[in-house]
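Right, one structure below, let's go through it.
Counting begins at 1 with the first residue of the sequence. Hydrogens, waters and symmetry mates are skipped; everything else that's a heavy atom, side chains included, is used.
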Amino acid sequence: MKNFLELAQARQSDRAFEPGRTIENEVLERILEAGRLAPSACNGQPWHFTVVTDSELLVQMGKATASLGMNKFVKDASALVLITHESTNITSKLGCGIKDKDFPMMDLGIASAYITLAAEDEGIGSCILGWFDEKKIKQLTSIPEKKRLMLIIALGYAAKPKRKKVRKEWGKVVSFNKY
């Protein structure tokens, strides 16, 4: 088990997975539990996680996420976590209006981070996707038409070694007391 900074350093967007290799249900459950436990504004928990593991459905999902050369690797994922925006509680809704901030979208991002870090801790690669055919995927997975599918997280065993993580210099993204 890695400490948190080691997880943050190791986690990357994996875009190549070992095809046909499944993730054990117990591992998936631990990864999803991390997402379920993620913090959210006013404890609104505005998410639903739909997990796709069926091999035939994964192939169809791969087609629905790949276009214009994007996301060709999804067809080899072991699992996909579809993150649907759900209604939040009244306190979070009021806060959104008063503070002019989209707390549920922030919450979905936090839950996604928890899921991908938990995956890394389990030795599972991940990639967060925003490019996909929402209508087709909703049809394939019976997500109600009125719901918004915001993100998909592809999970699988990485087929390529880790890359060197490149980030902006500390002083360009961090300051104390003043911008």
Side-chain angles (χ1 to χ4, degrees), residues 1-40 47-85 105-134 136-137 140-141 149-175:
M1 186 157 144
K2 299 173 183 159
N3 73 38
F4 185 79
L5 285 178
E6 290 171 333
L7 281 174
Q9 176 64 36
R11 196 265 152 205
Q12 66 181 20
S13 293
D14 290 300
R15 293 182 176 88
F17 299 116
E18 294 179 16
R21 188 167 175 195
T22 61
I23 300 171
E24 294 178 7
N25 284 338
E26 299 80 27
V27 172
L28 279 174
E29 288 170 8
R30 287 192 297 270
I31 291 168
L32 292 161
E33 181 67 355
R36 189 183 74 82
L37 293 173
S40 62
W47 50 64
H48 181 87
F49 308 124
T50 303
V51 185
V52 176
T53 57
D54 178 82
S55 59
E56 290 179 25
L57 188 53
L58 284 168
V59 170
Q60 293 175 2
M61 297 285 287
K63 291 175 186 173
T65 59
S67 67
L68 300 176
M70 302 287 287
N71 302 330
K72 293 178 184 179
F73 62 92
V74 174
K75 67 180 176 15
D76 295 326
S78 303
L80 298 175
V81 179
L82 285 55
I83 302 179
T84 307
H85 178 276
M105 289 302 107
M106 292 180 213
D107 295 343
L108 296 181
I110 294 166
S112 297
Y114 272 49
I115 288 169
T116 59
L117 287 166
E120 179 64 36
D121 194 44
E122 296 281 353
I124 306 295
S126 64
C127 189
I128 302 171
L129 311 172
W131 186 282
F132 49 81
D133 183 339
E134 181 179 2
K136 179 67 175 173
I137 291 174
L140 290 169
T141 57
L149 173 58
M150 302 307 294
L151 296 169
I152 296 174
I153 302 176
L155 299 173
Y157 290 92
K160 294 183 179 178
K162 297 251 181 232
R163 303 176 301 276
K164 179 179 179 348
K165 188 168 269 195
V166 178
R167 290 292 182 263
K168 293 178 181 178
E169 294 177 28
W170 174 270
K172 290 186 179 185
V173 298
V174 177
S175 60

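- Residues satisfying the salt bridge (Lys or Arg N to Asp or Glu O under 4.0 Å) criterion with Arg15, sequence neighbours excluded, are absent altogether.
- Atoms CE and CD1, on Met150 and Ile128 in that order, are 13.0 Å from each other to the nearest 0.5 Å.
- The main-chain N or O of Ser13 is found under 3.5 Å from a side-chain atom of Arg163 such that the two form a donor-acceptor pair.
- Under a cut-off of 6.0 angstrom, the local environment of NZ in Lys165 is crowded, with over 12 non-hydrogen atoms contributed by other residues, nucleotides or ligands.
- The two residues Ala111 and Phe49 make their nearest non-hydrogen contact at CB-CZ, 4.1 Å.
- Side-chain N or O atoms of Lys162 include one that pairs as donor or acceptor with a backbone N or O of Ala10 at under 3.5 Å.
- The two residues Tyr114 and Ala34 come nearest to each other via the heavy atoms CD2-O, 3.3 Å.
- The backbone N or O of Tyr157 sits nowhere less than 3.5 Å from a side-chain atom of Glu18 that would complete a donor-acceptor pair.
- Looking only at side-chain heavy atoms (C-beta outward), Phe132 and Leu149 come within less than 4.5 Å of each other.
- For Glu29, there are no salt bridge (Lys or Arg N to Asp or Glu O under 4.0 Å) partners, not counting sequence neighbours.
- Counting all heavy atoms, side chain and backbone alike, Ala64 lies closest to Ile137 at CB-CG1, 3.6 Å.
- The distance from the CD1 atom of Ile153 to the OG1 atom of Thr116 is 6.0 Å, given to the nearest 0.5 Å.
- Here the closest heavy-atom approach between residue Asn71 and residue Trp131 is recorded as ND2-O, 2.8 Å.
- Looking at heavy atoms from C-beta onward, Ser126 lies in side-chain contact with Leu155 at the 4.5 angstrom threshold.
- For the side-chain contact (heavy atoms from CB on, under 4.5 Å) with Glu122, the lone residue among Leu117, Leu28, Ile31 that qualifies is Ile31.
- To the nearest 0.5 angstrom, Ile124 atom CD1 is 9.0 Å from Glu24 atom CD.
- Going from atom NZ of Lys164 over to atom CD of Gln9 covers 8.0 Å, rounded to the nearest 0.5 Å.
- Across all their heavy atoms, Ala159 and Phe17 have their closest contact at CB-C, 3.7 Å.
- Of all the heavy atoms in Asp14 and Ala158, the pair that sits closest is OD1-CB, 3.7 Å.
- For the atom pair CD1 of Ile83 and CG of Leu129, the computed distance is 10.0 Å after rounding to the nearest 0.5 Å.
- Contact of the Glu120 side chain with the Gln12 side chain is not registered, since no non-hydrogen atoms from C-beta on lie closer than 4.5 Å.
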Item to check | Steps toward salt bridge (charged side-chain N to carboxylate O under 4.0 Å, His left out) verdict (Glu33, Arg30) | outcome: CA-CA 5 Å; Glu33 181 67 355; Arg30 287 192 297 270; over 6 Å; no
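- Separation of atoms CG (Asp121) and CZ (Arg11) is listed at 13.5 Å; rounding is to 0.5 Å.
- Annotation: side chain of Thr53 is not in contact with side chain of Thr22 (no heavy-atom distance under 4.5 Å).
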